[in-house]
Amino acid sequence: MSEVRVRFPPSPTGYLHIGGARTAIYNWLFAKKHGGKMVLRIEDTDAERSTEESIRGIIDGMEWLGLDWDEGPYFQTDHAEEHNAAAVRLLATGQAYKCFCSKEELEARREAAVKAKADYRYNGACRDLSPDEVAAREAASAPFVIRFKVPREAGAVAFKDAVCGGIERSYQDIEDFVIVRSNGQPLYLLCNVVDDIRDRISHVIRGQDGLANTPRQILLYRALGAQPPVFAHMPLTLDLNKAKISKRSHGEVVAVHFYREQGFISWALVNFLVLLGWSPGDDREIFSQEELIEAFSLEGISRANSIFNYRKDDPKFFTDPKAININAHYLRTIPVSELATLVKPFLEQEKIWDPAYDGDKKEWFEKTLVMIRERFHTLKDFTTLGRAWFADDFTVDDKALQKNLLKHPPLKEWLPELADRLAALPEITPEEAERVARELAEAHGVKPGVPINGARAVITGQIKGPSMFEVFAHLERDKVICRLRETAKYFVVES
RNA sequence: GGCCCCUUCGUCUAGCGGUCUAGGACGCCGGCCUCUCACGCCGGUAACACGGGUUCGAGUCCCGUAGGGGUCACCA
């Protein structure tokens with residue numbers, strides 16, 4: 001096979017969403033797997049809707065995901081002349097023609113057809129205009145569009161899609177489509193083909209919404225004397241109502257930046273997304289970058305649309321539960337030094353980052369992360385659920401407060417007493433802490449869980465967490481003692 | 001509506017004629033562990049859309065039906 005060249009061609013009309021990201025990922029994996037190149041091409045011909053901000057957002061998203069490209073970003077608008085030249089060439093070679101039918105006229109005909117429930121297709125009225133007629137209308141400066149001359153003999157465009165298999169579309173079903181607007185602007189169908197030819201794209205990997213365009217594009221390739229690339233149309237991602245996911249109806253949850261802000265590890269998102277419509281053929285689900293590149297193939301892409309399992313009002317899952325699960329998996333398995341770099345910006349944003357975590361306290365910081373990451377799902381959790389480790393302004397979880405503290409009023413005295421006992425130790429070790437805590441429970445005739453869970457509430461603010469004996473030993477000694485001594489403040493009766 | 005595509009547990013999927021009383025993962029439920037929770041481990045729940053063929057044999061092939069999706073612009 002000659003050189004593999006793929007492209008990712010977003011139109012800059014919004015942020016990078018997970019559907020686009022998935023397309024980018026598949027292209028990127030395919031390029032990497034075959035030692036090929038990926039081209040990033042910004043399709044900005046729709047000047048009305050294209051924005052700088054959006055371009056920036058897309059590039060940021062790609063970079064965050066770790067999807068690098070070899071060429072570009074190119075901009076479609078930089079090649080306007082080529083697009084025009086192609087149209088002129090098609091006209092000159094008789095493969096396209098000027099159509100003077102008015103927009104209103106065509107609109108009316110289409111509406112009539114819809115009303116009559118008939119199939120509408122351009123009737124080719126201008127297809128066989130004589131040169132004289134064309135000249136006459138041009139002389140009258142009548143506006144025109146340029147249409148592509150679809151073969152009128154019996155036959156069909158057939159191609160083999162790498163995902164969907166053999167696809168065939170008969171010429172009859174394709175109308176003479178417009179390739180240049182009456183204002184002289186070439187349309188997407190043409191621009192896209194011209195750009196892909198210039199960029200020597202060997203494989204077009206895109207969503208199945210592009211499938212219906214393909215026969216027309218193949219006709220253009222032929223007319224321009226170029227070899228069509230291999231097409232691979234991947235399934236679309238739908239929501240639980242089987243509707244296409246979109247910014248409009250789903251909001252932030254489909255935006256790549258949302259996952260970044262929520263504390264996703266970018267590779268975890270990639271890993272989740274790649275599984276949405278692709279399978280390695282075996283039971284593996286967690287992949288390193290190398291493993292994924294190795295395992296990826298177009299054949300593993302499903303033909304059926306997949307559903308992004310997100311329930312809008314589920315308080316437990318802010319996105320697809322599987323995505324969260326995969327993120328949590330990476331959170332507790334990546335090297336702790338790597339985790340530390342990822343957590344840092346979140347702590348900084350909350351203004352609870354201590355520069356010493358990069359210096360003197362580095363060891364303490366990393367051990368803390370290891371202790372608490374086990375039950376966290378996102379990087380953000382370190383600033384919320386794990387806040388008591390890095391700051392004193394944490395709030396005590398209401399359930400912890402009710403169930404583990406207020407339910408046992410004597411804790412008001414017992415926990416300060418525990419503080420005294422711990423303070424009396426020359427060094428707080430997990431073993432000593434356990435001994436002391438159990439002795440205290442025994443002295444008051446309660447189960448050890450009572451003071452221990454109470455201590456967890458006032459020290460970590462949580463109802464769950466690492467072993468308290470480890471916590472006593474690891475958190476700064478004065479914080480442990482101070483928080484236990486202040487237990488009474490939680491018992492203040494509010495009126 | 002025309003044309004095209006799709007249909008295995010709630011979700012992502014394995015399955016490419018017999019090894020499928022359908023496997024894995026997430027979710028959910030139960031158990032072990034335990035100071036709590038999580039992790040881990042063990043167990044459970046739950047699917048071949050429907051109807052006809054072909055075949056000794058069909059989740060796997062063919063045809064219909066139903067459902068879903070895509071596309072039918074002087075948008076990209």
Side-chain angles (χ1 to χ4, degrees), chain A residues 9-11 13 43-46 48-50 76 99 103 106-107 110 113-114 116-121 143-147 161 163-165 167-170 172-175 177-185 187-189 191-192 207-215 233 235-236 238 240 242-244 272 275-286 302-311 316-317 320-326 328 332 372-377 400 403-404 434 437-438 441 447-457 460 462-469:
Chain A
S11 56
T13 55
E43 310 234 310
D44 56 349
T45 48
D46 187 349
E48 298 276 298
R49 296 192 300 154
S50 299
Q76 196 161 53
C99 168
K103 209 186 263 187
L106 295 175
E107 203 62 48
R110 185 182 357 257
V114 170
K117 289 196 173 167
D119 188 19
Y120 172 79
R121 210 165 294 136
F144 62 88
V145 299
I146 299 178
R147 286 182 186 273
D161 188 278
V163 173
C164 302
I167 305 281
E168 203 176 298
R169 183 102 180 265
S170 67
Q172 278 184 17
D173 293 329
I174 310 175
E175 72 170 358
F177 52 97
V178 175
I179 53 176
V180 178
R181 287 187 262 215
S182 54
N183 66 4
Q185 285 263 315
L187 259 2
Y188 161 80
L189 228 42
C191 299
N192 197 253
Q208 273 178 16
D209 47 354
L211 193 56
N213 283 333
T214 309
H233 288 93
L236 270 14
L238 311 177
L240 280 165
K242 307 260 173 92
K244 239 168 117 173
F272 165 72
L275 255 18
L276 218 54
W278 172 83
S279 150
D282 53 39
D283 288 341
R284 286 177 298 165
E285 296 205 311
I286 299 293
S302 162
R303 289 186 183 195
N305 293 338
S306 50
I307 292 170
F308 176 60
N309 189 15
Y310 161 63
R311 276 164 228 277
K316 200 169 168 194
F317 302 106
D320 190 314
K322 190 147 188 167
I324 295 176
N325 175 276
I326 291 175
R332 60 177 180 261
I372 62 182
R373 68 172 170 179
E374 200 79 327
R375 62 226 87 206
F376 290 173
H377 296 124
K403 201 176 154 197
N404 290 342
E434 174 160 14
R438 288 187 188 279
K447 285 188 289 189
V450 174
I452 292 170
N453 288 325
R456 173 173 289 110
T460 70
Q462 297 296 302
I463 194 168
K464 52 190 184 180
S467 159
M468 275 315 287
F469 310 133

Pair of N/O donor and acceptor under 3.5 Å linking B:C37 base with A:R375 side chain
yes

With a 4.0 Å cut-off on heavy atoms, is A:R373 in touch with a base, just the backbone sugar-phosphate, or nothing at all?
nothing

In Watson-Crick or G-U wobble terms, both distances under 3.5 Å, what is the partner of B:C33?
none

Distance, P atom - from B:C26 to B:C63, rounded to whole angstrom
38 Å

Give none if B:C28 has no partner; otherwise give the nucleotide forming a Watson-Crick or G-U wobble pair with it, both distances under 3.5 Å.
B:G44

Testing the basics here: between A:I307 and A:D320, what is the closest heavy-atom pair and its distance to 0.1 Å?
O-OD2, 4.5 Å

Student check: side-chain heavy atoms of A:F308 and A:L238 closer than 4.5 Å
no

Does a side-chain N or O from A:K242 land closer than 4.0 Å to OP1 or OP2 of B:U7, or not?
no

Please state the P separation for the pair B:G59 and B:G52 - nearest whole angstrom.
14 Å

Contact class for A:K316 (heavy atom, under 4.0 Å): base, sugar-phosphate, or nothing?
sugar-phosphate

Within 6.0 Å of CZ in A:R311, more than 12 heavy atoms from elsewhere:
no

At 4.0 Å (heavy atoms only), tell me whether A:E285 reaches a base, stays on the sugar-phosphate, or touches nothing.
base

Verify side chain to side chain donor-acceptor pair (under 3.5 Å) between A:N192 and A:Q76, making sure each step is shown before the conclusion.
CA-CA 9 Å; A:N192 197 253; A:Q76 196 161 53; over 6 Å; no

Integer angstrom distance from the P of B:G51 to that of B:A58:
14 Å

Looking for any heavy atom pair under 4.0 Å, which part of the strands does A:S182 touch: base, sugar-phosphate only, or nothing?
base

Nucleotide paired to B:U54 in any strand shown, Watson-Crick or G-U, under 3.5 Å
none

Less than 4.5 Å apart, any side-chain heavy atom of A:I174 and any of A:R169?
yes

Can you find a donor-acceptor N/O pair under 3.5 angstrom joining the side chain of A:K464 to the base of B:A38?
no

Give A:Q76 one of three labels, base, sugar-phosphate or nothing, depending on what nucleic acid heavy atoms sit under 4.0 Å from its own.
sugar-phosphate

Rounding to the closest angstrom, what is the interatomic distance between B:A14 and B:C20 at atom C1'?
12 Å

Could you give the distance separating B:C42 and B:U8 at their P atoms, to the nearest angstrom?
29 Å

With RNA chain B as reference, determine whether A:C164 or A:D320 sits nearer its 5' end, using the nearest nucleotide of each.
A:C164

With a cut-off of less than 4.0 Å, is there a side-chain N or O of A:K244 near OP1 or OP2 of B:U71?
yes

Rounded distance in Å between the P positions of B:C5 and B:G64:
12 Å

Given that A:D209 and A:E168 both sit by RNA chain B, which one's nearest nucleotide is further toward the 5' end?
A:E168

If B:C9 has a Watson-Crick or G-U wobble mate with both distances under 3.5 Å, name it; if not, just say none.
none

Below 4.0 angstrom from OP1 or OP2 of B:C75, is there any side-chain N or O of A:R49?
no

N/O donor-acceptor pair, side chain A:Q208 with base B:G69, under 3.5 angstrom:
no

Mind checking if A:P321 touches a base, just sugar-phosphate, or nothing, with heavy atoms under 4.0 Å?
sugar-phosphate

Mind checking A:P9 for me? I need base, sugar-phosphate or nothing, with any heavy atom below 4.0 Å counting as a touch.
nothing

Touch check for A:T13, heavy atoms < 4.0 angstrom, all strands: base, sugar-phosphate only, or nothing?
nothing

Within the pair A:T45 and B:A76, is there a side-chain N or O less than 4.0 Å away from OP1 or OP2?
yes

When rounded to the nearest Å, what value does the distance between C1' atoms of B:G15 and B:G23 take?
9 Å

Counterpart base for B:A14, defined by Watson-Crick or G-U wobble contacts under 3.5 Å
none

Any side-chain N or O of A:N305 under 4.0 Å from OP1/OP2 of B:C5?
no

Tell me what A:I463 touches on the nucleic acid: a base, only sugar-phosphate, or nothing, going by heavy atoms under 4.0 Å.
base

Side-chain N,O (A:R181) to OP1/OP2 (B:A76) below 4.0 Å:
yes

From B:A73, B:G10, B:G69, nucleotide with atom closest to A:N309 side chain
B:G10

Looking at A:R284 and A:D282, is there a salt bridge between them, counting it only when a charged N and a carboxylate O are closer than 4.0 Å?
yes

Output for pair (A:F469 CZ, A:I452 CD1), nearest 0.5 Å, gives 3.5 Å

Testing B:C12, B:C75, B:C4 for proximity to the side chain of A:L211, the answer is B:C4

Nearest-Å distance once atom C1' is located in both B:A22 and B:U60
12 Å

Name the pairing partner of B:U65, where a pair is Watson-Crick or G-U wobble with both distances under 3.5 Å, or state none.
B:A49

Between B:A73, B:U36, B:C3, which nucleotide gets closest to the side-chain atoms of A:R456?
B:U36

Counting only side-chain N and O atoms of A:R303, is one of them less than 4.0 Å from OP1 or OP2 of B:G68?
no

To the closest 0.5 Å, what do you measure between CD1 (A:I324) and CZ (A:F317)?
6.5 Å

Base-pairing assignment for B:G1 (Watson-Crick or G-U wobble, both under 3.5 Å):
B:C72

